[in-house]
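All residue numbers refer to positions in the sequence shown, counting from 1.
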Amino acid sequence: MKITGIMVYYYFVCKRKLWYFSKDITMEHNSELVEIGKILDEYSYNRKKKSILVDDIINIDFIEDWKIIHEIKKSKSIEEASIWQVKYYIYMLNKLGVEIEKAIIDYPLIKEREVIDLKEKDIVEMEKVLDEIKNIINSKNIPKDMVRKSICNKCAYYELCYV
């Protein structure tokens, strides 16, 4: 099974969300917040060639000279997940022989940027995370550890967890 960037993102957001997504239980099509994010992505950085799909696992918002990855995000509310998502992109592209210097997370609504590097300790952590993602995906059972966070109220999967 191929692990995608969105799976890495979901791993850091919520393991149940990752499990639902891996079982093709998708709820994002009903989410107004997801739609806002898509519109933001579509209308930001119009001069750039966007949505670069690599090996069906990485969907980069845009890339500069195959050296700097850019990921467009609506807010910093789930920043750790965004950081690990772009670290995964760097990690995978490096494994494919593409030397990526860094990633930049762009927040056009708040006019901020975050520069992300992949360090040696991140590679060790990434390999642990990828093993854990494989375990969650291959599990027949929903992860039981529900930790209600403030972001749960806005999650597209809210009803599956709490109603």
Working to the nearest 0.5 angstrom, can you tell me the gap between [X] [atom1] and [Y] [atom2]?
X      : Y     : atom1 : atom2 : value
Tyr88  : Ile57 : OH    : CD1   : 4.0 Å
Leu18  : Tyr10 : CG    : OH    : 9.5 Å
Ile58  : Lys2  : CD1   : NZ    : 10.5 Å
Leu53  : Asp55 : CG    : CG    : 8.5 Å
Cys152 : Lys17 : SG    : NZ    : 9.5 Å
Ile39  : Lys74 : CD1   : NZ    : 11.0 Å

(request) Establish whether Val115 and Ile68 are linked, either directly or via other cluster members, by ILVMFWY side-chain heavy-atom contacts under 4.5 Å. (result)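 As far as the 4.5 Å side-chain criterion goes, Ile68 and Val115 are connected within one cluster.
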For [X] and [Y], work out which heavy atoms get closest and say how close.
X      : Y      : answer
Ile3   : Leu130 : CD1-O, 3.7 Å
Ile133 : Met7   : CD1-O, 4.1 Å
Pro108 : Leu40  : CG-CD1, 3.8 Å
Thr26  : Phe21  : CG2-CD1, 4.2 Å
Lys50  : Asn46  : NZ-OD1, 4.3 Å
Asp117 : Asp122 : O-OD2, 3.5 Å

Under 3.5 Å, which donor-acceptor pairs link side chains of residues 96-106 to any protein atom two or more places apart or in another chain?
from: Asp106; atom 1: OD1; to: Tyr45; atom 2: OH; distance (Å): 3.3
from: Asp106; atom 1: OD1; to: Arg113; atom 2: NE; distance (Å): 2.8
from: Asp106; atom 1: OD1; to: Arg113; atom 2: NH2; distance (Å): 3.2
from: Asp106; atom 1: OD2; to: His70; atom 2: ND1; distance (Å): 2.7

(message) Main chain of Asn135, side chain of Ser139: is a donor-acceptor contact present, judged purely on distance under 3.5 Å?
(response) no
(request) Look at the side chain of Lys23 and the backbone N and O of Ile137, then say whether any donor-acceptor pair between them is shorter than 3.5 Å. (result)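 Yes.
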(request) May I ask you to check whether over 12 heavy atoms, not counting those of Lys48, lie within 6.0 Å of atom NZ? (result)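 Atom NZ in Lys48 is not crowded, with 12 or fewer foreign heavy atoms closer than 6.0 Å.
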(message) Within a 6.0 Å radius of atom NZ on Lys95, are there more than 12 heavy atoms belonging to other residues, nucleotides or ligands?
(response)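 At most 12 heavy atoms, drawn from other residues, nucleotides or ligands, come within 6.0 Å of this atom.
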Is any side-chain heavy atom of [X] closer than 4.5 Å to a side-chain heavy atom of [Y]?
X      : Y      : answer
Ser75  : Leu109 : no
Val54  : Leu93  : yes
Ile110 : Lys76  : yes
Tyr162 : Cys155 : no
Ile136 : Ser22  : no

(message) Does Phe62 form a side chain to side chain contact (heavy atoms under 4.5 Å, CB included) with Ile69? I'd like the steps, not just the answer.
(response) CA-CA 6 Å; Phe62 67 94; Ile69 293 169; over 6 Å; no
For residues 79-86, which side-chain N or O atoms pair as donor and acceptor with protein atoms under 3.5 Å away, sequence neighbours left out?
from: Glu79; atom 1: OE2; to: Tyr107; atom 2: OH; distance (Å): 3.3
from: Ser82; atom 1: OG; to: Ile78; atom 2: O; distance (Å): 3.4
from: Gln85; atom 1: OE1; to: Lys73; atom 2: NZ; distance (Å): 2.9
from: Gln85; atom 1: NE2; to: Tyr89; atom 2: OH; distance (Å): 2.9

(message) Please determine whether side chain to side chain contact (heavy atoms under 4.5 Å, CB included) holds for the pair Ile123 and Leu118, giving the CA-CA distance in whole Å, both sets of side-chain angles, and the decisive distance to 0.1 Å.
(response) CA-CA 7 Å; Ile123 293 170; Leu118 182 69; 3.9 Å; yes
